[in-house]
Novice: 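I'd like to ask you about the structure that follows.
Chain identifiers are assigned alphabetically (A, B, ...) following the order of the sequence lines, protein sequences preceding nucleic acid strands; residue numbering begins at 1 within each chain. Just so you know, these numbers come straight off a predicted model, no measurement behind them.
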There are 2 protein chains.
Amino acid sequence: MSKSSVSRVLANEGVGVAEAKRKRIQRAIKQLGYVRNELASSLRTDRTKLVMLLIPDITNPTWAETARGVQDAMDEEGYDVMFANSDWNERRELAFIAKAKQNRFDGILINPVQIDNDALLAAGIPAVILGLLKGYPQFDAVGSDNYASVNESLGHLTSLGHRRIGLIMGMRHRKSTPTRLTAYLDFMRESGNSLDDSLIVTVPFTQEGGGKGLKQLRELSDPPTAVFCDNDILAIGAFLAAREAGVQIPGELSIIGVDDIFAASITTPPLTSVSKPKYETGRQAARLLLERLRDHDLGLPRKVLLPCTLKIRGTTAEPPHR
Amino acid sequence: MSKSSVSRVLANEGVGVAEAKRKRIQRAIKQLGYVRNELASSLRTDRTKLVMLLIPDITNPTWAETARGVQDAMDEEGYDVMFANSDWNERRELAFIAKAKQNRFDGILINPVQIDNDALLAAGIPAVILGLLKGYPQFDAVGSDNYASVNESLGHLTSLGHRRIGLIMGMRHRKSTPTRLTAYLDFMRESGNSLDDSLIVTVPFTQEGGGKGLKQLRELSDPPTAVFCDNDILAIGAFLAAREAGVQIPGELSIIGVDDIFAASITTPPLTSVSKPKYETGRQAARLLLERLRDHDLGLPRKVLLPCTLKIRGTTAEPPHR
DNA sequence: TTGTAAGCGTTATCAT
DNA sequence: ATGATAACGCTTACAA
């Protein structure tokens with residue numbers, strides 16, 4: 001029998017092939033241990049049913065959860081997901097995008113480190129941006145509502161009675177102004193709180209950084225009664241440094257972090273933290289990409305904003321009475 | 001000019017092509033924005049310079065670190081690494097291995113969930129096993145020395161004066177007897193300590209599981225003065241449950257965990273834990289695979305055993321005096 | 001329903 | 001050094 005019949009059996013589960021012949025072919029496939037060469041198939045059809053998920057740091061548990069969401073959604077449509085890890089390295093990021101293109105991946109989900117809107121467009125591969133970064137107007141994007149989460153956090157602290165609220169920011173790989181900083185400034189301005197530059201410190205994205213940031217804030221003549229930290233690692237660093245210095249938490253100092261990592265739940269008391277919809281971000285991003293793949297010219301880029309949840313735990317309370 | 005010359009320029013950086021012609025070709029490539037179709041290239045050459053790293057749980061930080069080791073080593077040789085996540089799901093594991101084969105990945109690094117030696121052999125793709133699991137005699141493997149690490153940990157506790165040492169094991173996805181259990185039993189037998197089955201409890205691999213395990217041990221008529229836990233999550237669960245019950249740590253109870261995750265370092269006091277050579281495991285595994293790819297019949301499978309380090313921190317001390 | 005043949009974009013072989 | 005040509009393993013008109 002001919003190649004075409006075999007191909008038909010493999011492609012359409014046997015549409016347009018006589019039942020008897022189909023059986024015979026399938027038996028032969030089993031017996032010979034034949035596996036179809038997807039490379040050749042893809043070369044012919046120009047689609048691979050493969051998408052790339054390109055992230056800067058596989059070590060970050062946030063991305064791991066997102067990856068699972070992407071995978072689950074893609075799996076349902078028969079796509080496979082390959083993760084690639086750029087390690088905040090521009091060279092690697094470009095290399096992976098090139099690989100995706102050269103190996104004819106059908107699409108790519110990316111949390112970009114360096115590549116900009118135009119370069120990504122020039123790469124000529126359907127892409128969805130993970131995270132609502134500025135500067136990618138021509139792409140679908142999915143991210144969580146950092147701005148709103150800061151608002152909610154600062155609102156929580158304010159309603160507890162805090163007036164002087166510190167901000168410990170981590171140093172970014174990217175240039176653009178972080179949304180959380182913007183949100184903090186807006187909140188302070190609008191709420192008529194003391195907007196004091198010395199309440200904002202920037203430190204490395206590490207536990208030590210958090211500790212250093214807190215120490216700096218405590219040395220102020222009029223130190224804050226609460227601190228919002230850019231993520232949980234910083235918050236934990238601040239927490240431990242404060243306790244080391246004999247500061248009662250939350251009695252004398254309130255702390256809020258971001259990400260709701262595992263470690264945040266095991267401090268004593270457990271850390272109040274902003275929880276992001278990690279898994280759902282992955283699912284939604286996958287959905288957007290799948291729609292683009294199905295319908296090549298789908299019109300304007302869509303931006304999906306997913307809500308965060310403030311998990312109020314043990315590190316926030318009323319400020320001390322004077 | 002002909003396809004062949006272009007191909008030569010791309011393949012060998014221009015060996016066997018006149019300088020002038022090479023320049024002209026490269027200019028044309030730039031101008032036309034040509035990107036070589038790796039699919040077609042791979043179809044012809046039967047190699048992709050792609051390897052798959054297949055792990056059961058991308059959410060586990062241990063694997064994330066290992067992945068970085070793999071990637072760094074592979075990158076040096078011009079290979080790209082695609083991560084795949086089987087999610088402890090047998091179907092997915094098989095599907096990914098099939099994908100790797102069908103898309104002609106050059107090799108695969110795998111921490112197997114279900115697939116056994118023979119099935120993996122039948123898949124017909126060069127493979128290296130991550131972790132020294134029993135049952136893969138025909139494959140190269142890299143793992144850490146769990147047996148020795150248990151020995152060292154129990155030795156540490158014994159030298160502090162502990163005689164009754166509990167063991168909190170997590171429930172496995174795999175069937176085989178866990179090395180750490182074997183090591184515990186051997187140590188107890190050989191050291192002439194009390195070998196008491198009631199000192200061994202098995203619980204789900206969660207924080208709650210660790211807490212439950214500890215409670216169970218404390219209800220014994222002659223409870224242990226120290227507990228070795230199968231990993232840090234369990235250890236932290238046990239730690240918090242013990243403290244909740246008013247038990248002084250390490251004064252009244254010593255605790256050791258395994259993995260040295262971030263959270264282990266931030267308990268008060270910080271957790272004594274077995275640290276595994278995660279990154280190095282990845283590097284070594286990549287090395288073994290690269291050697292196999294270079295030299296197809298390399299002889300007998302090699303097993304690489306990497307040492308763990310016991311990080312003695314704050315949760316181990318002498319047992320209470322009677 | 002089935003088979004024939006062209007073609008996907010490369011690389012390898014062989015003349016020139 | 002260069003170019004023509006076959007082949008890699010598949011899919012898909014088109015013809016039978």
Novice: Kindly say if A:Ser2 contacts the phosphate of C:dT2, meaning a side-chain N or O under 4.0 Å from OP1 or OP2.
Specialist: no

Novice: Taking only the side-chain nitrogens and oxygens of B:Arg8, find out if one of them lies under 4.0 Å from OP1 or OP2 of D:dG3.
Specialist: no

Novice: What integer distance in Å separates A:Ile29:CD1 from D:dC10:P?
Specialist: 10 Å

Novice: From C:dT11, C:dT4, C:dA12, pick the nucleotide closest to the side chain of B:Ser4?
Specialist: C:dA12

Novice: Starting at CD of A:Gln102 and ending at P of C:dT10, how long is that distance when rounded to a whole Å?
Specialist: 10 Å

Novice: May I have the distance from A:Leu43 (atom CG) to D:dC8 (atom C1'), rounded to whole angstrom?
Specialist: 9 Å

Novice: Starting at atom CG of B:Asp46, determine the distance to atom P of C:dT11, rounded to an integer number of angstrom.
Specialist: 14 Å

Novice: Kindly say if B:Thr45 contacts the phosphate of C:dT11, meaning a side-chain N or O under 4.0 Å from OP1 or OP2.
Specialist: no

Novice: Measure the distance from CG on A:Leu39 to P on D:dC10 and round it to the nearest whole Å.
Specialist: 10 Å

Novice: So, is A:Lys21 near the phosphate of C:dG3, with a side-chain N or O under 4.0 Å from OP1 or OP2?
Specialist: yes

Novice: By nearest atom, which of the nucleotides C:dG9, D:dT11, C:dT2 is closest to the B:Asn37 side chain?
Specialist: C:dG9

Novice: Is the shortest distance from a Lys or Arg side-chain nitrogen in B:Arg68 or B:Glu65 to a carboxylate oxygen in the other one below 4.0 Å?
Specialist: yes

Novice: Could you walk me through whether A:Asp259 and A:Lys276 pass salt bridge (Lys or Arg N to Asp or Glu O under 4.0 Å), step by step?
Specialist: CA-CA 6 Å; A:Asp259 277 351; A:Lys276 295 180 183 175; 3.5 Å; yes

Novice: Side chain of B:Ser5 only, please: which of D:dT2, D:dT11, C:dG9 is the nearest?
Specialist: D:dT2

Novice: C:dC8, D:dT2, C:dT2: which one has an atom nearest the side-chain heavy atoms of B:Ala18?
Specialist: D:dT2

Novice: How many whole angstroms separate atom CZ of B:Arg104 from atom C1' of C:dG9?
Specialist: 17 Å

Novice: Could you tell me whether A:Glu19 and A:Arg22 have a side-chain N and a carboxylate O separated by less than 4.0 Å?
Specialist: yes

Novice: Looking at CZ of A:Arg104 and CD of B:Glu38, how far apart are the two atoms once the value is rounded to the nearest 0.5 Å?
Specialist: 9.0 Å

Novice: Rounded to whole angstroms, how far apart are NZ on A:Lys3 and P on D:dT11?
Specialist: 10 Å

Novice: Nearest 0.5 Å, what's the OG-CG distance between A:Ser42 and B:Leu43?
Specialist: 10.0 Å

Novice: Rounded to whole Å, how long is the line connecting atom CZ of A:Arg24 with atom C1' of C:dT2?
Specialist: 12 Å

Novice: Look at the side chain of A:Arg44 and decide which nucleotide, out of D:dC8, D:dT2, D:dG9, has an atom nearest to it.
Specialist: D:dG9

Novice: Using only side-chain N and O atoms of A:Ser7, determine if any of them is under 4.0 Å from OP1 or OP2 of D:dT11.
Specialist: yes

